[in-house]
Engineer: 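So that we are looking at the same thing, I have put the structure below in structure tokens.
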There are 2 protein chains.
Amino acid sequence: MNRARTPRIADVARRARVSLATVSRVLNGKSTVDPRLAARVTAAATELGYRPNHVARNLRARSSTVWGIVVADITNPFFTRIVRAVQDAAWKERRTVIVCNTDEDLDRERGAIDVLVAEGVGGVIIAPASETATDVRPLTDRGIPVVAIDRRLPTAVDCVLVDNIAGGRAATEHLLASGARHVACITGPRDTTTARERLLGFRQALAAAGAERGSFSHADYREEGGRAALLRWIRQDRLPDGVFVANNLMTLGVLRAAYEQGISVPGDLRVVGFDELPWGGGVAGRVPVVVQPTTAMADAAVAMLARRESGDRGPARNVVLTPRLHALDRSVKLTVVA
Amino acid sequence: MNRARTPRIADVARRARVSLATVSRVLNGKSTVDPRLAARVTAAATELGYRPNHVARNLRARSSTVWGIVVADITNPFFTRIVRAVQDAAWKERRTVIVCNTDEDLDRERGAIDVLVAEGVGGVIIAPASETATDVRPLTDRGIPVVAIDRRLPTAVDCVLVDNIAGGRAATEHLLASGARHVACITGPRDTTTARERLLGFRQALAAAGAERGSFSHADYREEGGRAALLRWIRQDRLPDGVFVANNLMTLGVLRAAYEQGISVPGDLRVVGFDELPWGGGVAGRVPVVVQPTTAMADAAVAMLARRESGDRGPARNVVLTPRLHALDRSVKLTVVA
DNA sequence: GTGAAAGCGCTAACAA
DNA sequence: TTGTTAGCGCTTTCAC
């Protein structure tokens with residue numbers, strides 16, 4: 001690669017007839033430089049088409065404008081939106097983002113963290129694959145700030161969370177308010193806090209309304225899990241007339257099961273989901289969902305990271321944001337035709 | 001940041017009682033080293049918890065295991081899947097990917113390219129914001145290999161494309177085969193090749209079938225554009241009974257317009273889209289679509305990049321992949337209820 | 001306010 | 001095969 005022809009700081013210095021140090025100072029605006037020298041430097045830099053070499057800068061300055069973001073699956077619209085929002089926020093701070101997928105796999109997550117360490121990123125935002133097993137110490141040991149998003153971590157790091165209990169409550173209240181009498185909940189795996197909290201919100205809402213204890217089921221946060229849970233109830237002849245489904249993929253699964261079984265939504269079965277369905281305003285918008293404020297979450301995470309980078313050594317903080325229910329003014333019924 | 005405590009190659013060398021160079025050789029497996037020394041080195045490295053510093057490595061070796069990918073909007077499922085697939089493929093090659101969003105904005109795209117240059121990435125995969133105005137020379141001038149994906153570039157670089165004509169033809173043939181008689185096409189902006197090619201495929205299919213010349217409309221590849229196009233035909237009382245919509249967002253817009261107007265799909269209006277709708281197998285799966293082989297595209301792009309990085313200086317190549325029609329075995333009718 | 005010089009951690013000549 | 005050494009391009013003391 002013919003990088004030799006790329007101008008370096010020395011070329012700019014020569015052309016502007018100043019020293020290396022002066023060029024660096026002008027380019028970084030750190031120290032004060034005689035305006036006339038500065039003008040010469042900037043002129044020379046543009047004439048030469050000088051581009052800084054961040055790699056060298058990072059090595060010397062031991063700091064990087066690159067951040068890392070680690071998520072389970074960028075294909076999941078929730079994470080896509082988080083990544084997108086983080087990137088937009090980071091861009092405004094003139095930083096770049098390395099995105100890593102973990103597939104909810106601890107080994108891949110470990111690998112991703114290693115790479116981010118090796119690349120010397122300035123900070124990491126992570127949606128941990130596990131609340132107990134994810135180990136961010138390779139980062140924190142090196143003083144690289146970490147912000148957990150969506151889930152907590154065993155280590156004491158900054159967190160951006162959503163009030164899942166409130167979300168579960170809001171979803172359930174909506175079901176009850178829309179006339180459902182036998183409501184149920186399909187939540188995520190037992191060992192995830194989000195699943196437990198959303199279920200707790202469901203129970204709180206039922207208790208508060210003096211309603212009967214609804215049935216619930218733990219599934220795996222995947223489409224098939226939601227589908228299977230609903231089918232099971234159908235087989236057992238215990239089909240509820242309202243169901244709160246604790247994430248987006250399972251909500252799809254529930255809807256699919258309903259169509260397969262000729263159950264009309266929301267006629268026979270009211271469904272409230274958690275997490276936006278993709279293109280929420282569009283065709284899939286017939287199901288009310290509790291949406292997580294992804295932009296606000298990303299902004300909060302970016303702000304925390306920026307604070308830590310600028311030297312804040314205070315104790316870890318938690319930011320808890322409240323999700324809102326997105327109900328619909330009209331809904332659409334689906335029926336199987338052929 | 002307390003990086004001072006991080007072990008460097010020198011620490012490993014001291015502990016293994018060998019020279020820096022030997023450690024480097026062992027760690028990179030480039031040169032042959034006495035197995036006993038090698039064993040001492042690896043032992044020392046693990047004992048110390050040594051992690052390589054890619055930044056230093058890049059600076060010295062003028063090469064990087066980081067690639068960049070530049071897309072218009074990671075929120076668009078087509079690009080999400082491309083990014084995901086590129087990452088998976090890159091991961092297998094032990095490389096990391098910096099993702100940049102351009103928002104179809106040339107300035108942001110330019111900025112993204114500058115950053116990637118500054119970060120010294122080893123290669124870039126780009127879905128160009130424009131086929132004419134996007135300038136990748138900052139990369140190519142420095143010998144950084146570039147692969148364009150989804151759209152061509154004015155510069156001679158490797159390209160991974162989809163046969164849009166064949167896609168448009170397949171979509172239209174499906175409409176005709178399913179009994180539509182007055183078919184129409186909503187395609188993208190006049191100045192994009194994809195839009196022109198998909199429309200061309202539409203026309204070819206009509207001509208081949210000896211059908212009447214279908215009407216068509218150029219829109220902006222956004223949801224509202226598709227919606228508006230259909231509404232216009234409705235107003236003009238020229239509603240077709242089959243429509244080929246040339247991208248995913250516009251397809252949603254068309255569906256939305258149909259529901260708003262009480263037009264049943266596919267009863268009154270057959271729709272065939274282009275690009276997968278999100279979670280294609282799920283609820284949104286009632287519309288057959290021409291899907292682009294994102295995984296194959298990503299694999300091809302990664303393979304081309306890897307070849308270039310390993311020194312291939314041959315002329316630019318094009319890889320053209322054929323999209324497939326995903327029809328459905330059953331379809332689902334939507335009707336407005338409330 | 002400016003310049004000279006010393007590295008950041010690593011790899012790749014070149015010697016031995 | 002192994003070690004010594006000279007940088008990669010930049011920032012940042014430290015003198016002036």
Side-chain angles (χ1 to χ4, degrees), chain A residues 1-41 44-45 48-66 117-122 142-143, chain B residues 1-41 44-45 48-66 117-122 142-143:
Chain A
M1 315 302 171
N2 200 1
R3 285 215 122 181
R5 313 222 48 205
T6 300
R8 3 169 195 284
I9 254 188
D11 302 312
V12 178
R14 204 169 306 124
R15 187 163 234 264
R17 281 165 299 127
V18 295
S19 73
L20 290 180
T22 302
V23 175
S24 173
R25 283 192 272 254
V26 172
L27 264 31
N28 294 302
K30 292 281 182 189
S31 178
T32 36
V33 178
D34 183 298
R36 284 162 38 208
L37 288 196
R40 289 217 313 262
V41 169
L48 261 47
Y50 170 79
R51 309 272 137 172
N53 179 328
H54 285 180
V55 178
R57 211 185 68 75
N58 293 353
L59 179 59
R60 171 65 232 229
R62 287 189 161 74
S63 74
S64 169
T65 57
V66 177
V117 167
E119 295 301 338
V121 295
R142 287 167 178 78
Chain B
M1 316 304 170
N2 199 2
R3 285 215 123 181
R5 313 223 48 207
T6 300
R8 0 169 196 285
I9 256 188
D11 302 312
V12 178
R14 204 170 305 126
R15 187 162 235 263
R17 282 164 300 130
V18 295
S19 72
L20 290 181
T22 302
V23 175
S24 173
R25 284 192 272 252
V26 172
L27 265 30
N28 295 302
K30 292 281 180 188
S31 178
T32 36
V33 178
D34 183 299
R36 285 162 37 209
L37 288 198
R40 290 220 308 265
V41 169
L48 260 46
Y50 169 79
R51 309 273 138 170
N53 179 328
H54 285 182
V55 178
R57 211 184 68 74
N58 293 352
L59 179 60
R60 173 61 233 229
R62 288 190 161 73
S63 74
S64 169
T65 57
V66 178
V117 168
E119 295 301 337
V121 295
R142 287 168 178 77

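What you see is a predicted model; the values in this text were computed from it and never measured. First the proteins, then the strands, lettered A, B, ... as listed; each starts at 1.
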Engineer: If you only use heavy atoms from C-beta on, which nucleotide in C/dA4, C/dG1, D/dT11 is closest to the side chain of A/Thr32?
Structural biologist: C/dG1
Engineer: Heavy atoms only, 4.0 Å cut-off, all strands: where does B/Asn58 land among base, sugar-phosphate and nothing?
Structural biologist: nothing
Engineer: Under a 4.5 Å cut-off applied to non-hydrogen side-chain atoms, are B/Thr22 and B/Val33 in contact?
Structural biologist: yes
Engineer: Hey, does A/Thr22 reach any base, or is it just sugar-phosphate, or nothing, if we go heavy atoms under 4.0 Å?
Structural biologist: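 Counting heavy atoms under 4.0 Å across all strands, the contact made by A/Thr22 is with sugar-phosphate only.
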Engineer: Considering only D/dT12, C/dA12, D/dG9, which nucleotide approaches the side chain of B/Arg62 most closely?
Structural biologist: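 For the B/Arg62 side chain, the nearest candidate turns out to be D/dG9.
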Engineer: For the atom pair CZ (A/Arg14) and CD1 (A/Ile9), what is the distance rounded to the nearest 0.5 Å?
Structural biologist: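 CD1 of A/Ile9 is found 12.0 Å from CZ of A/Arg14.
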Engineer: What nucleic acid atoms does B/Val18 come within less than 4.0 Å of, heavy atoms only: base, sugar-phosphate, or nothing?
Structural biologist: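 Result for B/Val18 = sugar-phosphate.
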Engineer: Can you identify which nucleotide, out of C/dG1, C/dA4, D/dG9, has its nearest atom closest to the A/Arg8 side chain?
Structural biologist: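 Nearest to the side chain of A/Arg8 among the choices is D/dG9.
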Engineer: Please confirm whether any donor atom in the side chain of A/Arg51 sits under 3.5 Å from an acceptor in the base of D/dG9, or the reverse.
Structural biologist: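 Answer no: no donor N or O sits under 3.5 Å from an acceptor.
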Engineer: Does a distance-only test, which skips hydrogens and angles, find a donor-acceptor pair under 3.5 Å between the side chain of B/Arg25 and the base of D/dG3?
Structural biologist: yes
Engineer: Is there side-chain contact between B/Tyr50 and B/Val23, with heavy atoms separated by less than 4.5 Å?
Structural biologist: no
Engineer: Quick check for you: among D/dT2, D/dC10, C/dA12, whose closest atom lies nearest to any side-chain atom of B/Arg60?
Structural biologist: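 Closest nucleotide among those given: C/dA12.
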Engineer: Do B/Thr65 and B/His54 come close enough that some side-chain heavy atom pair is under 4.5 Å?
Structural biologist: yes
